[in-house]
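Taking it in order: structure first as structure tokens, then the write-up.
Bear in mind that the values here come from a model prediction, so they are computed numbers and not experimental data.
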Amino acid sequence: MTTTTISRMQDEVRALARERDAVILAHNYQVPEVQEVADYVGDSLGLSRQAAAADADAIVFCGVHFMAETASILCPGKTVLIPDLDAGCSLAASIDADQLRAWKSEHPGAVVVSYVNTTAEVKAESDYCCTSGNARAVIEAIPEDQQILFLPDMFLGIWLERVTGRKLTVWLGECHVHAGIRPEDIERWQAEAPDAELLVHPECGCASQCMAFANGRTHILSTEGMIDFARRSDKDRFLVATETGIIHRLNKEAPGKTFEAVSEKAICQYMKMITLDKLRDSLRDWRYEVTVPDEIASRARLAITRMVEIA
Ligand code: 13P
Ligand code: SF4
């Protein structure tokens, strides 16, 4: 698409959103032309908070399916649309409600903490939900003598064990994009740019090893945490270990600094299913609505509300 076509389509999207009283929320991994037309761009925690506070009639969620489900649970009276229903998540697919029920029955009395990258059915079986932005605070809010089942991301679980000093019982799930970022990618970059700050998402397969570098220049952060850190930092070169879509947002929020992806292959094909044309079609044709059955939504809401409230 040429720049003129993009800008014309963005105008169309904005006009449709106004006409339909819809707010557009986009995750940091979305393609630049979608980020640019959104009312709010952020991480899972920020997007959930924005959804909960939205006063428009509808929310168009430019992200993956579990994020739209979470918005629908938080906003029962609103219409929540996703431009492509196939925008899933390999991590959320790594555990279903039957597997979780079976796991819980092996550990009676344990508290279940689910990462937000899970289906609504899994959240309905959980006591707490968390995102990478507040996982540590959620674990620390639970009494120390309480057994915790943490799911579904094993790398986030291992990292949480290290930073909280707590022993967790961890589900062995992973995100194929972050698991694919290997310690070799980091080592290669550190050799080439030894003075750069390294920003690492805790879902990365290398997150715990990276902590062991303990060089003061490695920072394990959620996507919005990376943006915040880069904005405030007095450094000007950053290596980024997460999905490459975030580079657009980093460049925009911290102009004049240099951001390089440690792996150009770190691309989430689910996030990239949302395109500007599909966003326009979604608003024009009022599709695809994401709903969660009341019985599941009401059980999941408690865990999600705890997530939104814990800083
Ligand atoms: P954040 O909550 O850090 O944005 O992460 C969401 C996600 O899907 C990471 O892969
Ligand atoms: Fe899911 Fe991984 Fe894509 Fe995030 S990057 S949405 S965890 S598949």
Side-chain angles (χ1 to χ4, degrees), residues 13 16-17 19-31 34-35 37-97 100 114-126 129-131 152 175 223 245 268-305 307-308:
V13 165
L16 282 163
E19 203 178 294
R20 301 282 198 152
D21 193 21
V23 65
I24 302 171
L25 304 183
H27 188 266
N28 287 321
Y29 298 159
Q30 290 292 292
V31 292
V34 167
Q35 290 193 28
V37 85
D39 295 295
Y40 176 85
V41 185
D43 66 358
S44 310
L45 186 60
L47 291 169
S48 299
R49 288 185 170 142
Q50 286 292 322
D55 58 8
D57 284 347
I59 295 169
V60 186
F61 217 112
C62 299
V64 293
H65 194 265
F66 75 81
M67 296 180 175
E69 267 188 345
T70 307
S72 166
I73 294 167
L74 283 167
C75 313
K78 292 191 197 305
T79 302
V80 177
L81 303 176
I82 189 164
D84 189 330
L85 274 175
D86 288 331
C89 167
S90 59
L91 181 54
S94 71
I95 185 166
D96 65 23
L100 176 51
S114 290
Y115 191 38
V116 69
N117 298 41
T118 42
T119 62
E121 287 84 357
V122 165
K123 290 185 177 81
E125 292 291 332
S126 307
C129 226
C130 70
T131 73
C175 152
T223 58
C268 175
Q269 68 269 43
Y270 300 113
M271 285 282 180
K272 284 357 186 209
M273 281 180 184
I274 311 297
T275 58
L276 193 56
D277 339 21
K278 288 186 199 168
L279 170 56
R280 188 267 323 269
D281 295 352
S282 175
L283 279 159
R284 188 190 57 200
D285 305 332
W286 216 233
R287 68 186 193 199
Y288 297 94
E289 190 168 352
V290 175
T291 53
V292 177
D294 284 348
E295 184 270 326
I296 292 173
S298 59
R299 285 193 291 131
R301 195 168 295 118
L302 181 63
I304 296 173
T305 305
M307 168 187 92
V308 174

Heavy-atom check, side chain of [X] versus side chain of [Y], under 4.5 Å:
{"X": "Tyr115", "Y": "Cys130", "value": "yes"}
{"X": "Leu91", "Y": "Phe66", "value": "no"}
{"X": "Leu302", "Y": "Thr305", "value": "no"}
{"X": "Leu100", "Y": "Ser126", "value": "yes"}
{"X": "Val64", "Y": "His27", "value": "no"}
{"X": "Asn28", "Y": "Asp43", "value": "yes"}

Minimum heavy-atom separation for [X] and [Y], please, with both atom names.
{"X": "Ala56", "Y": "Lys78", "answer": "O-NZ, 2.9 Å"}
{"X": "Leu276", "Y": "Val34", "answer": "N-CG2, 3.8 Å"}
{"X": "Ala87", "Y": "Ile274", "answer": "CB-CD1, 4.0 Å"}
{"X": "Trp286", "Y": "Leu81", "answer": "CE3-CD1, 3.6 Å"}
{"X": "Thr70", "Y": "Ser48", "answer": "CG2-OG, 3.9 Å"}
{"X": "Ile73", "Y": "Ala297", "answer": "CG2-O, 3.7 Å"}

Using side chain to side chain contact (heavy atoms under 4.5 Å, CB included), reason through Val60 and Val13 one step at a time and then give a plain yes or no. CA-CA 11 Å; Val60 186; Val13 165; over 6 Å; no
Step by step, work out the side chain to side chain contact (heavy atoms under 4.5 Å, CB included) result for Ile82 and Met67. CA-CA 9 Å; Ile82 189 164; Met67 296 180 175; over 6 Å; no
Any residue meeting salt bridge (charged side-chain N to carboxylate O under 4.0 Å, His left out) with [X], in chain and number order, not counting sequence neighbours:
{"X": "Asp281", "value": "Arg284, Arg287"}
{"X": "Glu295", "value": "Arg299"}
{"X": "Lys278", "value": "Asp84"}

Calculate, to the nearest 0.5 Å, the distance between atoms [atom1] and [atom2] belonging to [X] and [Y] respectively.
{"X": "Thr119", "Y": "His65", "atom1": "OG1", "atom2": "NE2", "answer": "10.0 Å"}
{"X": "Ile95", "Y": "Thr118", "atom1": "CD1", "atom2": "OG1", "answer": "9.0 Å"}
{"X": "Ser282", "Y": "Asp277", "atom1": "OG", "atom2": "CG", "answer": "12.0 Å"}
{"X": "Asp57", "Y": "Cys75", "atom1": "CG", "atom2": "SG", "answer": "11.5 Å"}
{"X": "Gln269", "Y": "Asp86", "atom1": "CD", "atom2": "CG", "answer": "11.5 Å"}

Side-chain donor/acceptor of [X] to backbone N/O of [Y], under 3.5 Å:
{"X": "Lys123", "Y": "Arg301", "answer": "no"}
{"X": "Gln30", "Y": "Gln35", "answer": "no"}
{"X": "Asp39", "Y": "Val23", "answer": "no"}
{"X": "Glu121", "Y": "Ala97", "answer": "no"}

Check this for me: Asp285, atom CG, are more than 12 non-hydrogen atoms of other residues, nucleotides or ligands nearer than 6.0 Å?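 For Asp285, atom CG is crowded (more than 12 foreign heavy atoms under 6.0 Å).
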Crowding at OH, Tyr288 (>12 non-hydrogen neighbours, <6.0 Å):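 No.
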Using the rule given for side chain to side chain contact (heavy atoms under 4.5 Å, CB included), can you reason through Met271 versus Val31, listing the C-alpha separation, both sets of side-chain angles and the distance that settles it, and then say yes or no? CA-CA 8 Å; Met271 285 282 180; Val31 292; over 6 Å; no
What verdict does the side chain to side chain contact (heavy atoms under 4.5 Å, CB included) test give for Arg280 and Leu16, after you've listed the backbone C-alpha separation in whole Å, the side-chain angles of each residue and the deciding distance to 0.1 Å? CA-CA 8 Å; Arg280 188 267 323 269; Leu16 282 163; 4.1 Å; yes
Please determine, by modelled atom types, if Thr131 and Ser44 share a side-chain donor-acceptor pair under 3.5 angstrom.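 No.
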